[in-house]
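To start, the structure under review is shown below, and the notes come after it.
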Amino acid sequence: MPTSRESKVLAKTDFPLYVVRSIGSNCFMIAGGGGSAKTGVSNKIQVYELSSVGKSCIAKHIAVCDTGTRAAMNAAAFGKDKGFVLAVGLEEECQLYSLCSVARQPEVIGPLPNNQEEATEAKSDIPDSTLRHRHVSKDSSDRDITAKQKEQGGKKKSSAGKLLEKKLPTSANGASEDFVPRIDFLKLGSVQTDFHAEGGFQKCVRFSSDKSMLLTGGADGHLRVWKFPSLEKLYQVKAHDSEIDDLDISPAGDKIVTVSKGGSASIWKTKDGSKIVDLQWKSPAGVAYRMRSCRFAPVEEKKSTLFLAHIPVQRSDKAAACYLSKWDTTTWKPEKVVSTGKEVLSSLTTSNDGIFIGLGTISGSVMIYIAFSLQEIYRAKESHGIFVTGLDFLPCDSKSSNLVGGHEVSLLSVSVDNCVQIHHVPQRKMISFFWVLLLFILSLLLAYLLMDNIGL
């Protein structure tokens, strides 16, 4: 096992964090909050820009969006037309934002103070793009989604009409007085993605690699696939009897994996949602396990590998080990399984090039593994004060590497301890081809001299 390493704290917030996503080579977003509880803890999305300082980096706060009474618990992001698109889970809804450079004085996005409502309503030429704030109610009259919209998946368009085709001029509030935003949050539209009878809750969201589809899963156990950017529901599948804890789509876009809180994991055809297989894993004798997290990773063109995190169903005084497994995506059998230790796994992510795997635990530790061999190369023991809620690698490219000090890979982590950390793996020393060739030639020469000396 590698020597325990120290992480670097990039930022501290005044609210618990649940989400971190790398956006581009030099920025990342975080999100979280206190939810609907009246504790005074805000609910926000923030964006930071990284800049190089020696062998590491620092983060500067450049954007913020207040999400009202609902905390963002999950998100997906991708780059588009010199900006970025975010899909953010806010209770039973998925809210879409566009992130663009500030071109004017920012306005408020989110709930307005009472003393500003009348003034805002008087400006009839400004479209109403404030966020809605509600919890799912058993009384259908409390909902602002009509029965017809429910049948269509709860789809809502922005007041501009077509989603993403006309960006609404709205920005975030909630920043400090000396904060000067450099990015606008433009609200694009939203869709209800979960319909659990006791209150819907989206737990996971992913974009397909070609950005033509948006996938969601949550409390009602349904996998729902939406056309992007129109948010037209393509289909839904009752994937599991319990909540969907995690999901992912293969790099080729032809397969989807879902993992449930009940412990099962299934593979689906992206085209029509038909089931391919239920994954089977033989756990150690005497211990019941469930699959906690899942991620596909590219291997080569049109091929991928699947990684799953396994945790004990029940925790006891005598802690059982957790496991990381690597699966063949043609036979759907595990190729390799390794123990990650007795700290219970809480998060899993993979690098964009498929070379590295990031893991977080409920005790606050962060680990990095090599995807090919499942060899652990980094461990920051309990670097967070409590369980790790989100992980994401910076892009594995030269721009990101140079930005953070030339490291081979860098991993972002967040926790409900309100901290954002970065974890670096230094470049591994490689023997150059010249020295390998020279050593080979010297070995041949030595062998020749030895044979000549003994008369062979």
Side-chain angles (χ1 to χ4, degrees), residues 21-22 74-80 85 87 94 193 202-218 221-229 233-240 244-260 264-281 291-310 324-337 347-359 369-374 391-393 395-396:
R21 289 289 178 267
S22 173
N74 49 87
F78 72 91
K80 179 180 175 67
V85 173
C94 185
T193 62
Q202 177 181 295
K203 298 191 69 175
C204 41
V205 58
R206 304 285 288 176
F207 283 107
S208 60
S209 58
D210 64 0
K211 312 307 180 289
S212 66
M213 291 177 289
L214 183 71
L215 288 69
T216 61
H222 282 77
L223 163 67
R224 292 182 173 88
V225 178
W226 312 85
K227 187 176 181 180
F228 185 82
K233 186 169 66 177
L234 298 177
Y235 61 83
Q236 68 178 33
V237 176
K238 179 61 175 176
H240 302 280
I244 295 179
D245 269 348
D246 201 7
L247 59 78
D248 198 17
I249 184 169
S250 63
D254 58 339
K255 299 177 183 69
I256 298 170
V257 58
T258 57
V259 171
S260 76
S264 60
S266 302
I267 306 297
W268 313 85
K269 289 183 180 179
T270 305
K271 183 178 180 180
D272 56 10
S274 59
K275 183 183 290 188
I276 297 175
V277 67
D278 290 322
L279 299 180
Q280 303 294 328
W281 182 68
M291 300 172 191
R292 173 63 181 86
S293 305
C294 57
R295 281 295 178 270
F296 282 106
V299 177
E300 54 188 68
E301 187 177 0
K302 295 186 178 181
K303 291 186 178 181
S304 60
T305 301
L306 175 65
F307 298 95
L308 294 173
H310 307 261
L324 173 65
S325 62
K326 177 182 178 181
W327 294 68
D328 186 310
T329 54
T330 56
T331 64
W332 301 111
K333 302 291 184 182
E335 291 182 335
K336 189 176 182 62
V337 180
S347 303
L348 166 70
T349 191
T350 55
S351 60
N352 65 313
D353 58 5
I355 295 177
F356 300 99
I357 304 167
L359 294 173
Y369 283 72
I370 296 175
F372 174 76
S373 61
L374 297 190
L391 298 167
D392 204 27
F393 284 100
C396 292

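For reference, positions follow the sequence shown, starting with 1.
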Inset, instruction - State, with a plain yes or no, whether a side-chain heavy atom of Ser260 is found less than 4.5 Å away from one of Ile244. - result: no
Inset, instruction - Please say whether more than 12 non-hydrogen atoms of neighbouring residues, nucleotides or ligands are located less than 6.0 Å from NZ in Lys211. - result: yes
Legend entry - Passing option when Trp226 is tested against Val205, Leu215, Thr193 for side chain to side chain contact (heavy atoms under 4.5 Å, CB included): Thr193
Legend entry - Working for salt bridge (charged side-chain N to carboxylate O under 4.0 Å, His left out), residues Asp245 and Lys203: CA-CA 6 Å; Asp245 269 348; Lys203 298 191 69 175; 2.6 Å; yes
Inset, instruction - Give a yes or no on this: more than 12 heavy atoms of other residues, nucleotides or ligands lie within 6.0 Å of atom CZ of Phe372. - result: no
Inset, instruction - Tell me yes or no: between the side chains of Thr216 and Gln202, is some donor less than 3.5 Å from an acceptor? - result: no
Inset, instruction - Answer whether the closest heavy-atom distance between the side chains of Lys233 and Val225 falls below 4.5 Å. - result: no
Legend entry - Flag for Ser325-Trp327: side-chain donor and acceptor within less than 3.5 Å: yes
Inset, instruction - Considering only NZ, NE, NH1 and NH2 on the basic side and carboxylate oxygens on the acidic side, decide whether Lys269 and Asp254 come within less than 4.0 Å. - result: no
Legend entry - Beyond-backbone contact of Trp332 with Ile276, side-chain heavy atoms, under 4.5 angstrom: yes
Legend entry - Any donor-acceptor N or O pair under 3.5 Å, side chains Ser22, Asp392: no
Legend entry - Main-chain N/O of Gly358 paired to Thr349 side chain as donor or acceptor, under 3.5 Å: no
Inset, instruction - Report yes if the side chains of Ile249 and Phe296 come closer than 4.5 Å at any heavy-atom pair, otherwise no. - result: no
Legend entry - Qualifying residue for side chain to side chain donor-acceptor pair (under 3.5 Å) with Asp248, from Arg295, Lys255, Arg206: Arg206
Inset, instruction - Sequence neighbours left out, what passes ring pair (Phe, Tyr, Trp, His ring centres under 6.0 Å) with Phe207? Give chain and number order. - result: Phe78, Phe228
